[in-house]
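Single-structure report; data block below.
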Amino acid sequence: MAEGSVDEIVREVLRSITPSREEVEDLLRRYHIVATRLRSCLRDYLPSSCIDISLQGSVAKGTNLRGESDLDVFVLFSRQCVDPERYRELFKDFVERVRECLSDIPSYMEYAEHPYLVLLLDGVEVNIVPALKPMIRGGAIEATTAVDRTPLHTEYVLRKLSPSKRREVLLLKSFLKGLGIYGAELKIKGFSGYLAELLVIHYGTFIDVLKGSLSWKPYRTCIDIEGFYGSEHRCLEVFRDSPLVVVDPVDPCRNAAAAVSLKSLSTFI
């Protein structure tokens with residue numbers, strides 16, 4: 001296929017998957033409504049200095065696909081104000097309190113490592129996710145729950161991705177969805193949105209990610225964007241059992257591609 005034809009396809013796909021300005025503005029409006037209501041609900045729960053409410057996920061990073069956006073609203077608890085050892089009990093109480101306070105909005109509870117609340121706000125799912133603020137000691141991140149790093153991921157992606165690069169992420173996400181390997185859930189064992197963002201940060205464009213993947217070898221490929229390990233050999237010694245290793249730039253002890261199965265990796269290649 002001629003290069004011009006590829007460029008035309010890319011432009012056509014981008015037009016169909018990029019959210020309109022109106023869609024983005026509507027999502028942000030809903031976030032501000034929920035954040036304002038949450039602050040009111042939590043006014044007597046803990047001092048305001050103990051809780052931060054922020055928008056996370058693909059909408060916050062400008063990498064959300066058109067018409068497929070939910071909102072991730074994080075409520076971050078300061079470790080100085082709560083007992084991290086009892087976070088499950090705290091989060092359960094928090095979710096129940098918020099659900100009661102926002103009883104005029106349809107909602108249901110979901111469970112991952114701990115419970116979180118899903119609001120159904122005029123056709124948009126709004127995830128209310130409690131988390132603990134991560135601590136950084138000696139360059140290492142202490143995260144109690146799987147989602148504690150999320151704000152650091154958002155900050156990193158916003159710092160590294162220009163508006164044009166965010167469009168490249170949209171292309172990669174759409175490609176992954178077409179292959180049926182988008183998502184880190186157990187039923188998919190594929191590429192998360194964050195991993196797609198990291199691959200574009202590393203390679204530069206959607207097409208270059210595809211070209212780069214041709215050299216990936218299962219269990220023998222490490223992508224270390226920030227160069228924490230110095231060599232691929234050393235990296236692979238640390239992450240021995242993963243078909244693909246992409247070192248998390250905000251936490252060198254974590255493989256951002258840990259969910260990717262051999263089947264998903266092979267399908268992508």
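Using a 4.0 Å cut-off between charged nitrogen and carboxylate oxygen, Asp122 and Arg29 do not count as a salt-bridge pair. Note on Arg79 versus Asp148: salt bridge recorded, some NZ/NE/NH1/NH2 to OD/OE distance being below 4.0 Å.
No more than 12 heavy atoms of other residues, nucleotides or ligands lie within 6.0 Å of CZ in Arg43, so this atom counts as exposed by the packing criterion. Residue Asp241 qualifies as open at atom CG: its count of foreign heavy atoms under 6.0 Å is 12 or below. Atom CG of Leu186 has 12 or fewer heavy atoms from other residues, nucleotides or ligands within 6.0 Å. Arg220 CZ: 12 or fewer foreign heavy atoms inside a 6.0 Å radius.
Within the structure, disulfide (SG to SG under 2.5 Å) contacts touching residues 150-179 (residues at least two apart or in different chains) do not occur. Each disulfide (SG to SG under 2.5 Å) pair with one or both residues in residues 170-219, not counting sequence neighbours, would appear here, but there are none. Among residues at least two apart or in separate chains, disulfide (SG to SG under 2.5 Å) pairs with a member in residues 78-125 are Cys41-Cys101, Cys50-Cys81. The disulfide (SG to SG under 2.5 Å) pairs that include a residue from residues 146-226 are Cys222-Cys235, where partners are two or more places apart or lie in different chains.
No chain of hydrophobic side-chain contacts below 4.5 Å, direct or via other Ile, Leu, Val, Met, Phe, Trp or Tyr residues, connects Tyr116 to Val126.
The heavy-atom pair separating Val200 from Lys165 by the smallest distance is CG1-O, 3.7 Å. Between Leu199 and Val209, the shortest heavy-atom distance links the atoms O-CG2, 3.6 Å.
A donor-acceptor contact under 3.5 angstrom links the side chains of Tyr45 and Asp93, judged on distance only.
With hydrogens and angles disregarded, a donor-acceptor distance shorter than 3.5 Å links the side chain of Arg30 to the backbone of Leu121. In this structure, Ser264 contributes its side chain and Lys189 its backbone to a donor-acceptor pair below 3.5 Å.
Residues satisfying the ring pair (Phe, Tyr, Trp, His ring centres under 6.0 Å) test with Tyr87, not counting sequence neighbours, are Phe91.
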Exercise. Should Ile17 and Lys173 be marked as a side-chain contact (heavy atoms from CB on, under 4.5 Å) after you check the CA-CA gap, both sets of side-chain angles, and the distance that decides it?
Worked result: CA-CA 10 Å; Ile17 65 175; Lys173 284 186 175 183; over 6 Å; no
For this session: Could you go through the side-chain contact (heavy atoms from CB on, under 4.5 Å) check for Lys61 and Leu161 one step at a time?
Result: CA-CA 9 Å; Lys61 294 178 280 190; Leu161 281 183; over 6 Å; no
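Hydrophobic cluster of Leu236: the remaining members, joined at side-chain heavy-atom separations below 4.5 Å, are Phe228, Tyr229, Val238, Phe239, Val245, Val247, listed by chain and number.
Residues His202 and Val246 fail the side-chain proximity criterion, which asks for heavy atoms closer than 4.5 Å. Residues Leu152 and Asp251 are not in side-chain contact: their nearest non-hydrogen atoms beyond the backbone lie 4.5 Å or more apart.
Using the six-membered ring where Trp is involved, Trp216 and Tyr203 have ring planes that are tilted, between 30° and 60° apart.
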